[in-house]
Structure formats: structure tokens, C-alpha cells
Amino acid sequence: MAVLLIAEINDGTLAMDATAKAVAAAAPLGDVTVLAVGATAKDAADEAATIEGVSKVLVAEDALYGHRLAEPTAALIVSLAGDYSHIVAPATTDAKNILPRVAALLDVMVLTDVTSVVDADTFERPVYAGNAMQTVKSKDEKKVITFRTSTFDAAATGGSAAVEDIAAAEDPALSEWVEDKVAESDRPELTSAKIVVSGGRGVGSEEDFVIIEKLADKLGAAVGASRAAVDSGFAPNDWQVGQTGKVVAPDLYVACGISGAIQHLAGMKDSKIIVAINKDEEAPIFQVADFGLVADLFEAVPALTEKV
Ligand code: FAD
């Protein structure tokens, strides 16, 4: 058995945490070859080669892969697929865009958000917003898998795998890059942050969300939000945590003015320590919280920020 693992690369930089966690997840499936693909991917490939458990790194560096269009990347992966039994990636936004296309082109199913490898054909993954775990056995000859990285520890570094250049595949010319609108932030990336401070509808406005951001910045945390906060325009869409947002499992999750709806819990209940600040002592968030503070967030959050 052989695994082709698609490295997560942003602007030429390897997302080490997500990639190393996917390597650890894939290790029981066989020999792991990492594919580093991008307009600039060489440095990322060299870094991926240091992840323990990686046996080889393939680098496809070409302008064709410069704007993260899924179609040319999927074509490249399919051109390599013959040598691999498993094609895997961390369950990032990019991988969720690319791997279903790969699966469709190979006429196999895609196994998304896998949290545990039972054997080479059998995998566990959450369904119904994390309320049930499904064990799924695939009869497909090739398995296409995304791993939910928050449930795996990252593979260590210290390896020195061979790095090999490969040619770009033929461009299927199905899509064309127009523009990127990228939100710049000095804060840690939400899904890999060690601490996340989130605000909900209780925060009340975009202006008042600043108190959540101030606490986050004091703690060196990423900022998250409930869907109600996002839908109300208090916070940008890419801060949303939950079933239809991002799944996080930081060491510390601080939920401020969030009721704890099942769809929100689906995105954060695996956090190691959960702190909830809510003025309603009956709020369901307190059922999953390790520490709960029944308080008005407009008093408690600035006071906490001050103390930190
Ligand atoms: P509310 O439920 O309105 O809770 C606000 C809380 O703030 C209350 O508990 C209140 O007591 C408290 N509060 C108010 N004022 C203060 C104050 N001054 N101080 C302290 N506390 C205060 N939701 C997500 O978050 N993420 C998802 O990905 C997501 N996906 C969904 C997918 C589907 C298909 C559906 C149907 C829903 C989804 N939702 C999701 C929405 C979810 O059901 C809830 O509506 C949402 O999570 C509620 O957000 P909230 O807790 O911020 O708001």
C-alpha cells in the first residue's frame, strides 16, 4: 500500500501543523509520499521532507498552480494516482475543494473528515454534526480521504526524505483565476490556534466585537464567532466555528455570549478546556464548559482582559 498525501501550502509556505497531523493520520496506511504543489513549492517541499514518516516528497512547481485552482491540481493528482492506494490530505478548505474532484475523476467515493483509521479500508468519521460516529468501509480500489486534523497529534520532525521534481500535468482549462481577496491578520490561524476566543449574538454589534478581539490579542489567541454573530454582521464569515464553519480543538476555547447550540458545539466541543461566559445560567454551553461564568460579558470580558 502506498499513500499520496497532498501538503497544505499557503503562498509557498508549508502549513506544517496540518500537514504533519495528516502524515501521522496516514502513517498506518503505508508508505507516505507527500505532494507539494504550487507556483512556489520547493521550500515547502524541503520542509515537508523533515516530517518523520515521509518517505518521499514530489514537487510540482508551476505557475499553473499559482492561484489554488482546484481543477489543475486535481488533474495532477489523478495523473499520479496509479501508483497509490490512498490519496489523502488534511481537511482544509483547499483539500475540501480539490479531493472531491479527484474522487469524481477516479469514480470513487470521498471519505471526508476521517478521525480514525481502523484498517486500510475502514475509517471512522463524525456525522450529524458530530452527534454520531460512523464507521465506514470502502470497497473502492483507491481511497480518497480528508483527515480531520484536530483529532491527530502532529508527526515529529527530524526526517530527511528525498525530494523529487515532477512536471506539471496538462491544464484541463476548466477554470480561470480572476482575483483573490485575502483578509490579512497577525493573529494565529483559527483551526491551528492553541487558544480561541469566540463571540456570539450576545456581543450585540460589530463595534462591540472589539472587546472579544482585545481579549484574544492579550492571550495570543485566534478569534472565532457563532453563526448568529456572523449572520448579524458582527464578525467575518471566516471566523465562524461550527458545523458549517471551522472545526477547532484548541487547548483553551473561551465562548462569550454564545448559547451553545448543537451546530456550534460541533465545531468546538473537542477543545481541551472550555470556558463559557453567559448571562443566562441555563445556557446549554454550560453543559460542555469546564469553567462557567454567569455574568454580563460587557463587564466580565474587559475585566478578564485587564487581569490578563
Ligand atoms: P444565541 O443562541 O442567540 O445566543 C446568544 C447568547 O448570548 C445567549 O445564551 C444569551 O444568554 C447570551 N447573552 C446575551 N447577552 C449577553 C451578555 N450581555 N452577556 C453574556 N451573555 C449574553 N451556529 C454556529 O455557531 N456555527 C455553525 O457552524 C452553525 N451551523 C448551522 C447549520 C445549520 C444547518 C443550522 C440550522 C444552524 C447552524 N448554526 C450554527 C446556528 C445555530 O443553530 C445557532 O443559531 C447559533 O449557534 C446561535 O448563535 P449564538 O449562540 O451566538 O446566539
Side-chain angles (χ1 to χ4, degrees), residues 91-93 95-97 112-113 115 125-134 146 148-151 183 187 189-193 195-216 218-219 221-250 252-271 274-308:
T92 59
T93 311
K96 288 175 185 175
N97 193 12
T112 53
D113 266 327
T115 52
R125 62 178 178 183
V127 288
Y128 303 124
N131 286 299
M133 295 305 292
Q134 180 183 59
T146 63
R148 182 175 281 194
T149 49
S150 57
T151 52
R187 297 194 182 106
E189 202 273 317
L190 186 54
T191 54
S192 55
I195 306 176
V196 175
V197 181
S198 284
R201 200 197 313 261
V203 179
S205 69
E206 187 181 3
E207 293 71 43
D208 285 329
F209 224 84
V210 171
I211 67 169
I212 304 297
E213 294 176 51
K214 279 190 179 156
L215 176 58
K218 269 278 179 81
L219 292 168
V223 182
S226 71
R227 177 158 154 184
V230 170
D231 287 352
S232 306
F234 306 167
N237 185 272
D238 59 345
W239 289 2
Q240 185 177 317
V241 170
Q243 182 187 340
T244 41
K246 291 185 174 146
V247 177
V248 301
L252 173 63
Y253 187 88
V254 186
C256 311
I258 293 177
S259 60
I262 191 172
Q263 296 89 354
H264 187 79
L265 300 186
M268 45 63 75
K269 67 177 166 31
D270 290 334
S271 304
I274 297 172
V275 173
I277 302 172
N278 197 304
K279 67 179 183 185
D280 174 10
E281 64 179 46
E282 302 291 326
I285 190 80
F286 289 128
Q287 289 167 20
V288 298
D290 300 285
F291 297 92
L293 181 60
V294 180
D296 186 328
L297 70 88
F298 294 103
E299 289 166 16
V301 176
L304 187 56
T305 309
E306 187 68 35
K307 291 260 191 240
V308 171

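Just the heavy atoms: all of them, side chains too, but no hydrogens, waters or symmetry mates, feed the values below. Whatever order the structure lists them in is the order used to number ligands and atoms, beginning at 1. Every value quoted in this text rests on a predicted model; they were computed, and no experiment measured them.
At the shortest separation from atom 30 (N) of ligand 1 among protein heavy atoms lies Thr244 OG1, 2.6 Å. The protein atom (non-hydrogen) at minimum distance from atom 32 (C) of ligand 1 is Arg227 NH1, 3.1 Å. Of all protein heavy atoms, the one closest to atom 21 (N) of ligand 1 is Lys279 N, 3.1 Å. Shortest contact from atom 45 (O) of ligand 1 to any protein heavy atom: Arg201 NH2, 4.5 Å. If you check which protein heavy atom lies closest to atom 19 (N) of ligand 1, you get Leu297 N, 2.8 Å. Closest to atom 51 (O) of ligand 1, if we only count protein heavy atoms, is Ser259 N, 2.7 Å. The nearest protein atom to atom 27 (C) of ligand 1, hydrogens excluded, is given as Gln240 NE2, 3.2 Å; this is a heavy-atom distance. Here the heavy atom of the protein found nearest to atom 48 (C) of ligand 1 is Ala228 CB, 3.8 Å.
Listed for the Asn278 side chain is a donor-acceptor partner under 3.5 Å among the backbone atoms of Ile258. With hydrogens and angles ignored, the 3.5 Å screen pairs no side-chain donor or acceptor of Ser271 with any backbone N or O of Leu252. Proximity of a side-chain donor or acceptor of Lys246 to a complementary backbone N or O of Thr191 within less than 3.5 Å is not detected.
Of the N or O atoms in Ala283, none lie within a sub-3.5 Å distance of an N or O in ligand 1. For ligand 1, the polar-atom distance check against Phe298 finds no nitrogen or oxygen pair separated by under 3.5 Å.
Of the listed options Ala225, Gly202, Gly224, Ala266, Gly202 places a heavy atom closest to atom 13 (N) of ligand 1. Around atom 5 (C) of ligand 1, the closest heavy atom drawn from Gly257, Gly200, Pro284 belongs to Gly257. Across the listed options Asn278, Val294, Asp280, Asn278 owns the non-hydrogen atom lying nearest to atom 8 (C) of ligand 1. Checking Gln263, His264, Glu281, Lys246 against atom 42 (C) of ligand 1, the nearest heavy atom belongs to Gln263.
Counting heavy atoms closer than 4.0 Å to ligand 1, residue Val241 contributes backbone atoms (N, CA, C, O) but none from C-beta onward. Residue contacts with ligand 1 for Ala261 involve side-chain atoms from C-beta outward but no N, CA, C or O (heavy atoms, distance under 4.0 Å). When heavy-atom distances to ligand 1 are checked against a 4.0 Å cut-off, Ala295 comes that close only through its backbone atoms N, CA, C and O.
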Quiz prompt | Gln243 vs Arg227, side chain to side chain contact (heavy atoms under 4.5 Å, CB included): CA-CA, chis, key distance, verdict | solution = CA-CA 9 Å; Gln243 182 187 340; Arg227 177 158 154 184; over 6 Å; no
Self-check item: side chain to side chain contact (heavy atoms under 4.5 Å, CB included) assessment of Met268 paired with Ile285
Solution: CA-CA 11 Å; Met268 45 63 75; Ile285 190 80; 4.1 Å; yes
Exercise. Determine, stepwise, if the pair Val308 / Leu219 fulfils side chain to side chain contact (heavy atoms under 4.5 Å, CB included).
Key: CA-CA 7 Å; Val308 171; Leu219 292 168; 4.0 Å; yes
Practice problem: Apply side chain to side chain contact (heavy atoms under 4.5 Å, CB included) to Phe209 and Val223, showing your working. | Solution: CA-CA 10 Å; Phe209 224 84; Val223 182; 3.9 Å; yes
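For ligand 1, the atoms lying closer than 4.0 Å to a non-hydrogen atom of Ser226 are 25 (O), 49 (O), 50 (P), 52 (O). Close approach of ligand 1 to Asp296 (heavy-atom distance below 4.0 Å) involves ligand atoms 17 (C), 18 (N), 19 (N). Distances below 4.0 Å separate heavy atoms of Gly245 from the following atoms of ligand 1: 28 (O). For ligand 1, the atoms closer than 4.0 angstrom to any heavy atom of Gly242 are 26 (N), 27 (C), 28 (O).
From Met133, atom CE reaches atom OG1 of Thr115 across 3.5 Å, with rounding to the nearest 0.5 Å. The distance from the CD atom of Gln287 to the CD atom of Glu282 is 9.0 Å, given to the nearest 0.5 Å.
The nearest pair of heavy atoms linking Ala266 to Arg148 is O-NH1, 4.4 Å. Nearest heavy atoms, Ser150 versus Val247: OG-CG1, 4.1 Å.
Salt-bridge annotation for Asp296 and Lys279: absent, with no side-chain N of the basic residue lying under 4.0 Å from a carboxylate O of the acidic one.
Crowding of Lys269 atom NZ: a count of heavy atoms from other residues, nucleotides or ligands under 6.0 Å exceeding 12.
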